[in-house]
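A short write-up of the structure that comes next.
Any value given below was found using the heavy atoms of this structure, including those in side chains, with hydrogens, waters and symmetry copies removed.
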Amino acid sequence: MSWDEQQLQTHLDTMAGAITEQYGDRAPLLVGIESGGAWVARALNGKLAEPLPLGTLNPAFYRDDFDTRGLKRTVTPSKLPFEVDGQHILLVDDVLMTGRTIRAAMNELFDFGRPASIALVVLFDIGHRELPIRADICGETLALPPHQRVELRGPAPLVAEIRDTRPEE
């Protein structure tokens, strides 16, 4: 299964509508998680009538599973060009799976200050939760078996496909 640019744009339109409906005149801050979440946050911001302040987080150093995942070769620094204290934050990621990336991102976010609230916005929720984390706004919920993942490619155009993680025989 795959999603082309137009299908993902439809999801982004729906998600932008949910943000507008839930936040109205209150202007939350958008924070995308590198790299797919940052792509989604930028695309989502372009769908809003009034673009929101936008930042990026790279929670690589805050993860609790280095022993199984390791670190990527290059880790880009987080960029939050605004104060976090007392702000409403929309934390954006491409795929919500176990919840570990979101937990790491929230840990890093609190190093920047104490937000008034954090809401989670994801393009895809595929389950497989290991932590009690849920999306407040979601483009699409999927029930995938443990050996499948959604892989987002971008930043433009955004396209996604389901990938099998089993080793080839």
Side-chain angles (χ1 to χ4, degrees), residues 1-19 22 30-47 54-79 89-111 117-169:
M1 181 174 199
S2 63
W3 295 262
D4 63 21
E5 181 180 17
Q6 185 53 50
Q7 290 166 312
L8 293 183
Q9 292 300 321
T10 299
H11 284 332
L12 291 166
D13 287 336
T14 302
M15 294 162 65
I19 290 170
Q22 290 180 26
L30 271 180
V31 177
I33 299 173
E34 287 290 343
S35 60
W39 300 340
V40 172
R42 278 191 290 277
L44 190 57
N45 211 19
K47 299 280 185 181
L54 178 63
T56 59
L57 276 181
N58 191 332
F61 294 114
Y62 290 78
R63 294 196 60 96
D64 64 357
D65 55 358
F66 285 121
D67 55 338
T68 57
R69 291 178 55 110
L71 261 182
K72 289 185 178 177
R73 190 170 295 196
T74 58
V75 178
T76 57
S78 295
K79 296 177 188 114
I89 306 287
L90 294 178
L91 188 60
V92 182
D93 206 2
D94 55 347
V95 179
L96 173 58
M97 191 172 76
T98 64
R100 291 189 177 282
T101 299
I102 304 306
R103 184 211 50 83
M106 288 192 300
N107 284 353
E108 182 177 6
L109 195 55
F110 279 102
D111 281 354
S117 68
I118 301 172
L120 179 59
V121 178
V122 298
L123 189 54
F124 294 101
D125 181 346
I126 66 168
H128 306 236
R129 220 63 94 241
E130 295 174 6
L131 299 173
I133 292 175
R134 67 167 174 78
D136 298 287
I137 295 173
C138 179
E140 186 170 346
T141 301
L142 303 167
L144 297 182
H147 63 276
Q148 290 184 335
R149 306 284 185 270
V150 174
E151 184 176 283
L152 183 70
R153 288 191 308 274
L158 287 177
V159 294
E161 68 181 1
I162 293 178
R163 184 175 53 89
D164 196 316
T165 60
R166 291 180 290 202
E168 292 186 27
E169 295 179 30

Query raised in the report: salt bridge (Lys or Arg N to Asp or Glu O under 4.0 Å) with Arg163: which residues, sequence neighbours excluded?
Result: Glu151

Query raised in the report: Under the side chain to side chain donor-acceptor pair (under 3.5 Å) test, which residues partner Ser117, sequence neighbours left out?
Result: His88

Query raised in the report: With sequence neighbours excluded, what pairs up with Glu5 under the side chain to side chain donor-acceptor pair (under 3.5 Å) test?
Result: none

Query raised in the report: Which distance, rounded to the nearest 0.5 Å, do you find between the SG of Cys138 and the CE of Met15?
Result: 7.0 Å

Query - Smallest separation among heavy atoms of Tyr62 and Arg103, with atom names - result: O-NH2, 3.0 Å

**Report entry** Separation between CG of Leu158 and CG of Leu12, rounded to the nearest 0.5 Å
**Finding:** 6.5 Å

Requested in this report: Of all the heavy-atom pairs spanning Leu152 and Ala160, show the shortest one and how long it is.
Outcome: CD1-CB, 4.0 Å

Requested in this report: Sequence neighbours left out, what passes side-chain contact (heavy atoms from CB on, under 4.5 Å) with Lys79? Give chain and number order.
Outcome: Thr56

**Report entry** Those residues that, when tested against Glu108, pass side chain to side chain donor-acceptor pair (under 3.5 Å) (two or more places apart)
**Finding:** Ser78

Report task. Quick one: list whatever passes side chain to side chain donor-acceptor pair (under 3.5 Å) with Asn107, sequence neighbours left out. Result -> none

Report task. Write out all pairs satisfying salt bridge (charged side-chain N to carboxylate O under 4.0 Å, His left out) with one or both partners inside residues 134-146, taking only residues at least two apart or from two chains. Result -> Arg134-Asp136

**Report entry** Distance (rounded to the nearest 0.5 Å) between Asp4 CG and Glu161 CD
**Finding:** 12.5 Å

Query - Spacing of CE belonging to Met1 relative to CD1 belonging to Ile162, to within rounding of 0.5 Å - result: 6.0 Å

Distance-only donor-acceptor hits, side chain of residues 118-131, under 3.5 Å, sequence neighbours excluded:
| unit_1 | atom_1 | unit_2 | atom_2 | d |
| --- | --- | --- | --- | --- |
| Asp125 | OD1 | Gly127 | N | 3.0 |
| Asp125 | OD1 | Arg129 | NH1 | 3.2 |
| Asp125 | OD1 | Arg129 | NH2 | 3.0 |
| Asp125 | OD2 | Arg129 | NH2 | 2.8 |
| His128 | NE2 | Ile126 | O | 3.4 |
| His128 | NE2 | Leu144 | O | 2.9 |
| Arg129 | NE | Ile133 | O | 2.7 |
| Arg129 | NH1 | Met97 | O | 2.8 |
| Arg129 | NH1 | Gly127 | O | 3.1 |
| Glu130 | OE1 | Arg100 | NE | 2.5 |
| Glu130 | OE1 | Arg100 | NH2 | 3.3 |

For residues 39-46, run the donor-acceptor check on the side chains, cut-off 3.5 Å, and write out each pair with its distance to 0.1 Å, sequence neighbours left out.
| unit_1 | atom_1 | unit_2 | atom_2 | d |
| --- | --- | --- | --- | --- |
| Asn45 | OD1 | Leu52 | N | 2.7 |
| Asn45 | ND2 | Leu52 | O | 2.9 |

Query - Any residue meeting salt bridge (Lys or Arg N to Asp or Glu O under 4.0 Å) with Asp13, in chain and number order, not counting sequence neighbours - result: Lys47

Requested in this report: To the nearest 0.5 angstrom, please state how far the CG atom of Asp94 sits from the CZ atom of Arg153.
Outcome: 12.5 Å

Query raised in the report: Asp164: what forms a side-chain contact (heavy atoms from CB on, under 4.5 Å) with it, not counting sequence neighbours?
Result: His147, Arg166

